[in-house]
Every structure is written in structure tokens, then in C-alpha cells.
> 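The structure follows.
Note that the coordinates shown come from a computational prediction; the quantities given were computed from them, not determined experimentally. Below, chain A is the first sequence line, B the second, and so on; all start at residue 1.
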Protein chains: 2
Amino acid sequence: MTMLKYSRQRECIRDYVRNCHQHPTADNVYAGIKEEFPNISLGTVYRNLSLLVELGEITKISTGNGPDRFDCNTRPHSHFICTCCHCIQDIEMADMDYIARKASENFDGKILAYTTTFYGICKNCLDEKNLQKSS
Amino acid sequence: MTMLKYSRQRECIRDYVRNCHQHPTADNVYAGIKEEFPNISLGTVYRNLSLLVELGEITKISTGNGPDRFDCNTRPHSHFICTCCHCIQDIEMADMDYIARKASENFDGKILAYTTTFYGICKNCLDEKNLQKSS
DNA sequence: ATCAATAATAGTAATTGTTACTGATATTAA
DNA sequence: TTAATATCAGTAACAATTACTATTATTGAT
């Protein structure tokens, strides 16, 4: 491990993700901190986001299509991705570990982590289309 | 929808994925059928894999880093990704729907699908390192 | 405070995985 | 057999991300 030096850019990037609850992309972060650092490089944003993920200060969400998203919520939780507007929402579940325990039962490897991603239509899109959650 | 015409290339691609249980990448498929179709195009492989996914004949797995993988198993199941050798294994779980029901309880959108991906060390890697599943 | 060591930067080029385009070929229904 | 057109091979374009390089900023020791 190489020693870590302070950088104002990294500080700013971390704060931005901390205060943004829309699960921003690297590009969103880049655009968002352009005001404070007009000539920051996109590479710097990517590098620091990766670093912050390594440090466990933020997490990365792979959506399956489109760019990765970042999340200030480091507690274990799931994500919901709306197939309509592509928004991402956190989903908290009571007994998440149940899944890992259950999966371990018939698996001979060592399970260290897992993520669950839900897909569907978010509240906003349901409302816009006058649909019900249960229809 | 445009009408679907037969193609030997698509047949071959489907058969390859059907008989390959290593969750191949598009590149793997490309390399694997080069023998039968020496001058097949990588674009053709991508196009047909996407088409087969649309038709529900195979499924696509997004790994989060690295290329997408494809799976001949179309029944609902989870995946385990080894962080050591990067292999992917299927994990069958008895009551998977429990998760979706549980998640629905405190969520106001409409959940239509979900995937769970487990991360850890596979049996082979555990053995090579003389490690135990429970240590 | 000054300095040397080096981590981090801005800017840019390269890489990776995937999709789009184009003219030629293969499949299909009449 | 023919006409219509889906698919093809080949290649170019694309989006997201990473790597490179010369310069700047931070740090710990003088």
C-alpha cells in the first residue's frame, strides 16, 4: 500500500457523493463539482471514486447497462432500478442475511458478500401512468 | 417486430451456449465457434446473443466488472462469482420469492424481477489455499 | 520556513466492451 | 426462379473507463 496524501479534489468528491442521494454517475459527480474545481479532470473523478470505494467510504453500484453509480450509503442494503425512468432507490430489508445463510446450505464455496437488485416500476412512473402497485 | 429468418450462425451460437456451462462471454462464444465458422464476425455473435436473450432462450449476466456472461439456464436462479478466479457458478435457492415479497413490504414501487449475486471464494480456490469454508 | 520525496493532478491518449453502419449473401414465401 | 428482406462479414463508431505524462500539491524531515 502506498501512502495516502490529502487532496482537496478528493474531499470535494467525497462530500458531493455524501450529499447526493440520487446515486450519481462519475459524470454526475464531475459535472457537480465543476463549479468548485472548474478544470478538474474526469480521470481524477474516476480515480478518486475508485479510491473512496476501496477505503469503504462509498459504494459502487453496477446497473447492468449504462455507467456505474455511486452510493453514500455503506450499510448493507439493496437497490431498486426502475426500468421506466432508470432511477435507483435504496431498499432496506430486515433480515438480509437469511438469503446468504440459505444460499450457503447447498453451496460448497465461501460466501463473503452478496447484492440483490430489484427491477420494476417506481412510484412516480406508476402514478404518471395511473397504474397500481398490485395490478 | 420484424420476421425472424433462420441462420446457421445463430443456431451454432445457441448450441454453443447451451452446451457450455462456464457462463461464456461474447468473446468466448466467438472463439468457440470460429472452428465451424472461421470468418464469423464478432458483431454477429453480439447481435445473436442479444436476440437469443430477447427470445428467452438464454440469459445475460452482468458481472459488474469485465464483459457480460451468458447462461443457458433460463430458470430463475442466482449466481456466485469467485473474487479469486472469477469463475461463475449457479446457485439454486428454494424460496427465492421470499426476498421479493419481503422487499415489497416497505417499498411503494412495483417489483417485477430481481437478481441476487453472491461473491466469495469458490471450492477450487479454497482447496488450493488449503482453506475451509468456515474459517 | 525550506527542501526533497513523492502522491495527486490536469490533460490527453489508449483500451475495453459493445453497437451501428454498409454492401454482399442467404433464407424465405410466392 | 424470383423478389423481398433478414442476416451476414467487415469495419467504423461509440461509451465508459483506465493508463500515461509532465506539472503541481502535500508531506515529513531538516
> What is the distance from CZ of A/Arg69 to C1' of D/dT17, rounded to the nearest Å?
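To the nearest whole Å, that distance equals 17 Å.
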
> Keeping to residues at least two apart or across chains, list the salt bridge (Lys or Arg N to Asp or Glu O under 4.0 Å) pairs with something in residues 71-85 of chain A.
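Those involving residues 71-85 of chain A are A/Arg75-A/Glu92.
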
> May I have all residue pairs that pass salt bridge (Lys or Arg N to Asp or Glu O under 4.0 Å) and include part of residues 9-20 of chain A, sequence neighbours excluded?
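Applying salt bridge (Lys or Arg N to Asp or Glu O under 4.0 Å) to every pair that reaches into residues 9-20 of chain A, excluding sequence neighbours, yields A/Glu11-A/Arg14, A/Arg14-A/Glu57, A/Arg18-A/Glu57.
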
> By the salt bridge (Lys or Arg N to Asp or Glu O under 4.0 Å) test, which pairs, at least two apart or in different chains, include something from residues 32-49 of chain B?
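Found none.
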
> Sequence neighbours left out, what pairs pass ring-ring contact (aromatic ring centres under 6.0 Å, His included) with at least one residue falling in residues 9-65 of chain A?
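Qualifying pairs: A/His23-A/His79.
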
> Base contacts versus sugar-phosphate-only contacts with protein, heavy atoms under 4.0 Å: please encode nucleotides 1-16 of chain D as B, S and - from 5' to 3'.
---BBSSBBB-----S

> With sequence neighbours excluded, tell me which residues meet salt bridge (Lys or Arg N to Asp or Glu O under 4.0 Å) with A/Lys5.
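Not a single residue meets the salt bridge (Lys or Arg N to Asp or Glu O under 4.0 Å) criterion with A/Lys5.
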
> Would you work out how much the helix from C/dA1-D/dT30 to C/dA30-D/dT1 bends between its ends, with each end axis defined by five base pairs, to 10 degrees?
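Axis angle across the helix from C/dA1-D/dT30 to C/dA30-D/dT1, nearest 10°: 40°.
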
> Could you state the atom-to-atom distance from NZ of A/Lys34 to P of C/dT9 in whole Å?
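Checked: the NZ to P distance equals 15 Å.
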
> Tell me, please, which residues at least two apart from A/Thr83 pass side-chain contact (heavy atoms from CB on, under 4.5 Å).
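Partners of A/Thr83 under the side-chain contact (heavy atoms from CB on, under 4.5 Å) test: A/Tyr119, A/Ile121.
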
> Does B/Phe107 have its ring centroid less than 6.0 Å away from the ring centroid of A/Phe118?
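They do not qualify: ring centres at least 6.0 Å apart.
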
> Could you work out, with salt bridge (Lys or Arg N to Asp or Glu O under 4.0 Å) as the rule, every residue matching A/Arg69, not counting sequence neighbours?
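Counting only residues at least two positions away or on another chain, A/Arg69 forms no salt bridge (Lys or Arg N to Asp or Glu O under 4.0 Å).
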
> Whole angstroms only, please: what is the OH-C1' distance between A/Tyr30 and C/dT12?
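Roughly 12 Å, once rounded to whole Å.
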
> Tell me: CD of A/Glu36 to C1' of C/dT9, nearest whole Å?
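These atoms are roughly 16 Å apart.
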
